[in-house]
Amino acid sequence: MSVSSEIQFAENPEDRVPVILIVDVSPSMEDKIAELNDGYSGYIADLLADPLASLRVELAIVTCGDGNRFIPFDRAENHRREFQIDAAGSTPLGGAVTMALHELELRKQEYKRNGINYYRPWLWIMSDGEPNDDNWRQAAANARKAEEDKKVSVYCVGIGDAQGMVENLREFSPTRTAKLDKLKFREMFKWLSNSQKKVSQDKATGAAVQLDPVTDWATAFR
């Protein structure tokens, strides 16, 4: 564990709500990236406006494109950014999910070593295409197993109208996959920030929190 993590936990011993966003940055997202960035900016602002969520919600990001990249866990104030489109045309979603699940487990180990309580992690997957790396079905099975074991809550959001997109995303999360209505990223991220604020304010880290419907920005999760 890095010294910076030790200092971070010492300065902020609040319970954590760990969230990993998997963001598709393949070229097919080029006409959607402005709306994505606008919605993401609002998401960060919403978290920072809530005193407790700003301390408890911890974000990490995996960009899914020409070589998946991991941006480590940190408070929302340190995750102000804009996503850029990668040049290559691949959507290696299996590798991105494998990376995210691995990093989540490492972070949970850090929490435990430092006596930090945490809520069940969220894995939020956004993609507008079909996975095209060789190991994606195994990664999907691993995500389903992690959710069955209550290690993580997996959510998938399909963007656009690519054939087979939603069906493939359901391989990762059979009960929490939805299709974004048009490009309502702002509404989607508002729902996400509201949900995480609710979770962060709950007194019991193992309790189930009732979340709002998603039908104003997407099809219902199923």
Side-chain angles (χ1 to χ4, degrees), residues 1 5 9 14-24 40 43 47 53 56-64 68-76 79 91-127 131 133 135-158 166 168-178 188-189 191-202 204-212 214 218 220-222:
M1 184 180 61
S5 291
F9 292 135
E14 287 282 350
D15 298 346
R16 295 301 204 273
V17 183
V19 182
I20 289 192
L21 305 180
I22 294 182
V23 183
D24 185 347
Y40 179 76
Y43 169 61
L47 291 177
R56 289 187 166 185
V57 176
E58 257 194 353
L59 298 178
I61 296 168
V62 176
T63 57
C64 178
N68 298 324
R69 297 174 180 84
F70 176 68
I71 301 159
F73 283 100
D74 210 336
R75 288 168 55 182
H79 270 285
T91 307
L93 193 55
V97 169
T98 297
M99 179 182 291
L101 292 174
H102 174 70
E103 294 294 343
L104 275 173
E105 288 304 310
L106 292 180
R107 194 59 169 171
K108 287 193 285 186
Q109 291 171 22
E110 289 185 342
Y111 294 151
K112 292 173 183 176
R113 283 196 294 266
N114 285 271
I116 301 294
N117 294 322
Y118 62 92
Y119 299 80
R120 187 181 303 177
W122 288 44
L123 176 57
W124 189 269
I125 303 170
M126 295 175 282
S127 178
D133 50 350
N135 68 337
W136 79 267
R137 290 190 185 279
Q138 181 58 56
N142 293 341
R144 294 195 306 272
K145 181 67 164 59
E147 181 150 40
E148 289 168 7
D149 293 343
K150 303 187 185 305
K151 293 181 177 180
V152 63
S153 294
V154 183
Y155 295 81
C156 297
V157 177
V166 171
N168 286 331
L169 288 175
R170 286 201 182 103
E171 294 283 327
F172 295 89
S173 182
T175 60
R176 291 196 183 102
T177 293
M188 181 198 77
F189 277 115
W191 183 91
L192 189 56
S193 63
N194 285 343
S195 299
Q196 289 162 5
K197 284 188 284 187
K198 283 186 176 182
V199 171
S200 70
Q201 291 161 5
D202 195 83
T205 56
V209 176
Q210 183 65 43
L211 303 178
D212 294 335
V214 303
F221 282 123
R222 61 183 179 87

Please confirm whether the backbone N or O of Y155 pairs with a side-chain atom of W122, one donor and one acceptor, at under 3.5 Å? no
Contact summary for A178 and A218, nearest pair of heavy atoms: CB-CB, 4.0 Å
Heavy-atom closest pair, residues V214 and A220: CG2-CA, 3.9 Å
To the nearest 0.5 Å, what is the distance between SG on C156 and CG on L123? 7.5 Å
Less than 3.5 Å apart, any donor N or O on the side chain of R56 or Y119 sitting next to an acceptor on the other? yes
Please check: side-chain N/O of H79 versus main-chain N/O of P72, any donor-acceptor pairing under 3.5 Å? yes
When rounded to the nearest 0.5 Å, the distance separating NZ of K112 from CG of N114 is 13.0 Å
Sub-4.5 Å side-chain heavy-atom contact between F172 and L93: yes
Side chain of T98, backbone of G95: donor and acceptor closer than 3.5 Å? no
If we only count heavy atoms from C-beta on, is the R170 to R222 side-chain gap below 4.5 Å? yes
Is any side-chain heavy atom of V154 closer than 4.5 Å to a side-chain heavy atom of R176? no
Under the side-chain contact (heavy atoms from CB on, under 4.5 Å) rule, what do R107 and R16 come out as? Steps first, then yes or no, please. CA-CA 11 Å; R107 194 59 169 171; R16 295 301 204 273; 5.6 Å; no
Run the salt bridge (charged side-chain N to carboxylate O under 4.0 Å, His left out) test on E147 and R144 for me, step by step, so that the C-alpha distance in whole Å, both residues' side-chain angles and the decisive distance to 0.1 Å come before the verdict. CA-CA 5 Å; E147 181 150 40; R144 294 195 306 272; over 6 Å; no
Could you check if a side-chain atom of N142 sits within less than 4.5 angstrom of a side-chain atom of V97, using non-hydrogen atoms only? no
Checking W136 against T91 for the side-chain contact (heavy atoms from CB on, under 4.5 Å) test, could you report, in this order, the C-alpha distance in whole Å, the side-chain angles of both residues, the deciding distance, and whether it holds? CA-CA 10 Å; W136 79 267; T91 307; over 6 Å; no
Supply the atom-to-atom distance K198 NZ to Q210 CD, rounded to the nearest 0.5 angstrom. 7.5 Å
Under 30°, 30 to 60°, or over 60°: which ring-plane class applies to F221 and W124, parallel, tilted or perpendicular? perpendicular
Any side-chain heavy-atom pair from D24 and M126 closer than 4.5 angstrom? no
So how far is it from L59 CG to I71 CD1, rounded to the nearest 0.5 Å? 10.5 Å
SB check K145 E148 (cutoff 4.0 Å): no
Would the distance check show the side chain of N68 and the main-chain N or O of P92 forming a donor-acceptor pair, the cut-off being under 3.5 Å? yes
Classify the angle between the aromatic ring planes of Y111 and F9 as parallel (below 30°), tilted (30 to 60°) or perpendicular (above 60°). perpendicular
Stepwise side-chain contact (heavy atoms from CB on, under 4.5 Å) test for I20 and V152: CA-CA 10 Å; I20 289 192; V152 63; over 6 Å; no
Could I get the full list of side-chain hydrogen bond (donor to acceptor under 3.5 Å, both in side chains) partners for N168, not counting sequence neighbours? E130
A side-chain contact here means heavy atoms from C-beta on lying under 4.5 Å apart; do M188 and Y43 qualify? no
For the atom pair CG (L47) and CG (L192), what is the distance rounded to the nearest 0.5 Å? 7.5 Å
Starting from the C-alpha separation in whole Å, work towards a yes-or-no answer on side-chain contact (heavy atoms from CB on, under 4.5 Å) for K151 and L101. CA-CA 9 Å; K151 293 181 177 180; L101 292 174; over 6 Å; no
Which value, rounded to the nearest 0.5 Å, describes the distance between Q196 atom CD and E58 atom CD? 12.0 Å
Which pair of non-hydrogen atoms, one from L21 and one from Y40, has the smallest distance, and what is that distance? CD1-CE1, 3.7 Å
